[in-house]
K.L.:
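Once you've had a glance at the structure underneath, I'll fire off some questions.
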Amino acid sequence: MTAFIINFLTGKWHLGVYQKYHPIFRGFDFYYGLPYSNDMGCTDTPGYNKPMMSPCCHDNVSLREPSTGSCSKSDAVPLYHNASIIEQPVDLVTLASRYGDMATKFITAAAKQDAPFLLYVAFAHMHVPQNHAANFTNSSRHGPFGDTLRELDHTVGTILSALEESGVTNDTLVFFTADNGPWETKCNLTGSKGPFIGKWQRTTGGGGGTGKFTTWEGGHREPAIAYWPGHIAANQTSNALASALDMFPTFASLAGSELPSDRQYDGIDLTDILLGKNITGHSWLFHPNSGAGQPSWALNALRIGQYKIFYQTAPASDCSGPKGKVQQHDPPLIFDLFTDQEEGEPLGPSHPMYKELVQTAATLSSEMADSIAHDKTSTANYKSDKSASPCCDSQHVCCRCDG
């Protein structure tokens with residue numbers, strides 16, 4: 001079965017810009033957003049960051065002269081509308097409100113057509129550099145981070161209001177989540193890990209950050225909210241083990257669309273869990289290291305039920321500066337997350353589950369390696385090339401243009 005749905009992406013893409021890698025060639029009918037993170041180039045409104053970023057230079061600075069340090073001549077962050085750059089550098093101060101406006105207009109138009117739709121909103125908030133509209137300044141007790149978070153909350157609210165005003169709230173599943181834990185080198189410009197502090201790393205592993213870039217719970221465990229009045233019961237919390245990888249098969253299932261059968265999928269359909277018909281999610285889930293470990297993206301940790309198994313521990317940098325080293329563990333470290341959310345006290349060999357968990361983890365690791373070797377795979381190329389940088393006018397400093 002094929003589902004005919006209008007698809008719109010507003011926000012960060014970061015999966016390629018040119019030709020077949022651009023969002024409008026990857027299933028989205030409309031696109032309005034940034035091709036990568038909002039710190040991957042200069043802007044005229046650098047906002048709040050640690051360290052602070054320099055604003056883009058203007059054309060009174062020669063392209064041939066070296067940078068002075070007071071401004072940046074790097075290619076500015078562009079804003080795309082479909083396949084065209086409409087603003088470079090993007091105005092980050094007004095970006096969140098424009099994302100909200102585009103999203104609400106799309107919802108209104110789709111509802112008038114009585115057309116099913118997928119709306120994916122990938123905010124620049126709360127990534128650095130942080131910016132917000134002037135009316136949110138000093139709106140919180142937590143400085144620029146809190147003010148920016150207030151604007152994010154407001155913008156999400158305008159999107160939910162658009163669903164209500166268009167009469168499609170009860171027909172729309174809203175899923176809200178994030179992609180990683182706090183970026184701790186940003187100090188007061190980052191969020192909280194709550195109880196997921198990676199205590200072993202801090203007390204035994206030599207210190208360092210246990211948020212973004214790491215496989216500690218503070219790096220990978222994210223808040224998630226599913227909202228669908230009339231279908232999902234309010235004020236409920238699920239302990240089912242789930243992943244962002246599950247969104248694709250879940251949305252496809254709800255849309256009545258069959259997935260291609262020529263590949264394996266790491267995600268599962270969460271429909272029954274969301275609707276309260278099942279409480280069981282993944283029985284196991286791998287955690288690829290996200291930059292702190294070695295090599296990057298290797299599967300050095302996994303979750304089995306309530307247990308977390310580490311073959312390698314690795315810290316990220318944090319506000320304090322020094323950090324511990326990458327450590328290999330054979331046998332692995334094992335934590336019971338039901339009784340030890342801080343990941344502070346690894347289970348000893350005398351624990352009744354220890355031997356079984358070590359054996360199960362080894363079997364799953366071997367099976368996953370074999371699956372990766374024989375399935376459809378792709379390899380990311382992180383090399384940079386000046387000619388591949390999006391630029392609407394190379395004759396101007398920072399590719400400056402207004403579309």
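Nothing fancy with the numbering, it's 1 onward along the sequence.
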K.L.:
Kindly compute the distance separating OG1 (T43) from CD (Q88), expressed to the nearest 0.5 Å.
P.N.:
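With rounding to 0.5 Å, OG1 (T43) is 11.5 Å from CD (Q88).
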K.L.:
Can you tell me how far the CD atom of E345 sits from the CG atom of L347, to the nearest 0.5 Å?
P.N.:
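Going from CD on E345 over to CG on L347, the span is 10.0 Å.
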K.L.:
I'd like to know if E184 pairs up with R202 as an ion pair, taking the criterion as any Lys NZ or Arg NE/NH1/NH2 lying under 4.0 Å from an Asp or Glu carboxylate oxygen.
P.N.:
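Yes, this pair counts.
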K.L.:
For P129, what residues pass the side-chain contact (heavy atoms from CB on, under 4.5 Å) criterion, not counting sequence neighbours?
P.N.:
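If we apply the side-chain contact (heavy atoms from CB on, under 4.5 Å) test to P129, skipping adjacent residues, the hits are N38, D39, N49, M53, L92, N131.
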K.L.:
Heavy-atom count check: over 12 atoms from other residues, nucleotides or ligands less than 6.0 Å from D370 CG?
P.N.:
yes
K.L.:
Mind running side-chain contact (heavy atoms from CB on, under 4.5 Å) on Q312 and N289 for me, showing each step along the way?
P.N.:
CA-CA 9 Å; Q312 180 188 96; N289 87 63; 4.3 Å; yes
K.L.:
Just to verify, what does F196 make a ring-ring contact (aromatic ring centres under 6.0 Å, His included) with, not counting sequence neighbours?
P.N.:
none
K.L.:
Has W13 got a side-chain atom pairing as donor or acceptor with Y21's backbone, closer than 3.5 angstrom?
P.N.:
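Checked: pair present.
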K.L.:
Checking the side chain of T250 only, and the main-chain atoms of L270 only, is there a donor and an acceptor separated by less than 3.5 Å?
P.N.:
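Looks like yes, one N/O pair under 3.5 Å.
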K.L.:
Under the 3.5 angstrom rule, does the side chain of T190 hit a backbone N or O of W183 as a donor-acceptor pair?
P.N.:
yes
K.L.:
Please check if the side chain of S371 supplies one atom and the backbone of E367 the other of a donor-acceptor pair under 3.5 Å.
P.N.:
no
K.L.:
Side-chain contact, heavy-atom cut-off 4.5 Å: K199 with E343?
P.N.:
no
K.L.:
Using only atom types and a distance under 3.5 Å, with no angle test, would you say the side chain of S290 pairs donor to acceptor with the backbone of T214?
P.N.:
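It does not hold such a pair.
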K.L.:
Please name all residues satisfying salt bridge (Lys or Arg N to Asp or Glu O under 4.0 Å) with D262, sequence neighbours left out, ordered by chain then number.
P.N.:
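For D262 the salt bridge (Lys or Arg N to Asp or Glu O under 4.0 Å) partners, ignoring immediate neighbours, are K376.
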K.L.:
First locate atom OH of Y120, then atom CG of L9, and finally report the distance between them rounded to the nearest 0.5 Å.
P.N.:
6.5 Å
K.L.:
So do N300 and T215 actually touch side chain to side chain, heavy atoms under 4.5 Å?
P.N.:
no
K.L.:
Within the 4.5 Å heavy-atom criterion, are H154 and F136 side-chain neighbours or not?
P.N.:
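Side chain of H154 against side chain of F136, heavy atoms only: contact under 4.5 Å found.
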K.L.:
Measure the shortest side-chain to side-chain distance between Y99 and F123 over non-hydrogen atoms and say whether it is less than 4.5 angstrom.
P.N.:
yes
K.L.:
Salt bridge or not between D340 and K308? Use side-chain N to carboxylate O under 4.0 Å.
P.N.:
no
K.L.:
Taking distance alone, no hydrogens or angles, what donor-acceptor pairs closer than 3.5 Å link side-chain atoms of residues 143-153 to residues at least two apart or in another chain?
P.N.:
residue, atom, partner, partner atom, Å
D147, OD1, S139, N, 3.1
D147, OD1, S140, N, 3.0
D147, OD1, S140, OG, 3.0
D147, OD2, N138, N, 2.8
T148, OG1, H132, ND1, 3.3
T148, OG1, P144, O, 2.7
E151, OE1, H125, NE2, 2.8
E151, OE2, A133, N, 3.2

K.L.:
Examine distances only and state if a side-chain atom of S192 and a backbone atom of G194 form a donor-acceptor pair shorter than 3.5 Å.
P.N.:
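Yes, because the side chain of S192 sits within donor-acceptor range (under 3.5 Å) of the backbone of G194.
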K.L.:
Give, for atom CZ of F30 and atom NZ of K105, the distance between the pair rounded to the nearest 0.5 Å.
P.N.:
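Reported to 0.5 Å precision, the distance equals 13.5 Å.
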K.L.:
Side-chain donor-acceptor pairs under 3.5 Å in residues 227-245, sequence neighbours left out?
P.N.:
residue, atom, partner, partner atom, Å
W228, NE1, N170, O, 3.0
H231, NE2, N170, O, 3.4
Q236, NE2, A234, O, 3.3
S238, OG, A240, N, 3.1
S243, OG, L245, N, 3.0

K.L.:
Do side-chain atoms of D375 reach the backbone of Q264 as a donor and acceptor pair under 3.5 angstrom?
P.N.:
yes
K.L.:
Specify whether F175 and F251 have parallel, tilted or perpendicular ring planes, treating 30° as the upper limit for parallel and 60° as the lower limit for perpendicular.
P.N.:
perpendicular
K.L.:
Measuring only between side-chain heavy atoms, which start at C-beta, is H351 closer than 4.5 Å to I334?
P.N.:
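Side chain of H351 against side chain of I334, heavy atoms only: no contact under 4.5 Å found.
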K.L.:
Is there a side-chain contact between D246 and H282, using heavy atoms and a 4.5 Å cut-off?
P.N.:
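The answer is yes; the side chains approach within 4.5 Å.
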K.L.:
Mark yes or no for whether N7, through its side chain, and G27, through its backbone, hold a donor-acceptor pair below 3.5 Å.
P.N.:
yes
K.L.:
Between T363 and Q359, is there a donor-acceptor pair closer than 3.5 Å when you use the side chain of the first and the backbone of the second?
P.N.:
yes
K.L.:
Is it true that the side chains of Q327 and T313 contain a donor and an acceptor less than 3.5 Å apart?
P.N.:
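Result is no, nothing qualifies.
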K.L.:
R98 versus D91: any side-chain heavy-atom pair under 4.5 Å?
P.N.:
yes
K.L.:
Please check this pair: side chain of K12 against backbone of L34, looking for a donor-acceptor N/O pair closer than 3.5 Å.
P.N.:
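Checking the backbone N and O of L34 against the side chain of K12, no donor-acceptor pair under 3.5 Å is found.
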K.L.:
Side-chain atoms of residues 75-86: list all donor-acceptor pairs with protein atoms under 3.5 Å, sequence neighbours left out, distances to 0.1 Å.
P.N.:
residue, atom, partner, partner atom, Å
D75, OD1, K386, NZ, 2.9
D75, OD2, K386, NZ, 3.4
D75, OD2, S389, OG, 2.6
N82, OD1, Y31, N, 3.0

K.L.:
Go through the steps to decide whether C392 and C399 satisfy the test disulfide (SG to SG under 2.5 Å), and finish with yes or no.
P.N.:
CA-CA 6 Å; C392 63; C399 300; over 6 Å; no
K.L.:
Is any side-chain heavy atom of F335 closer than 4.5 Å to a side-chain heavy atom of F310?
P.N.:
yes
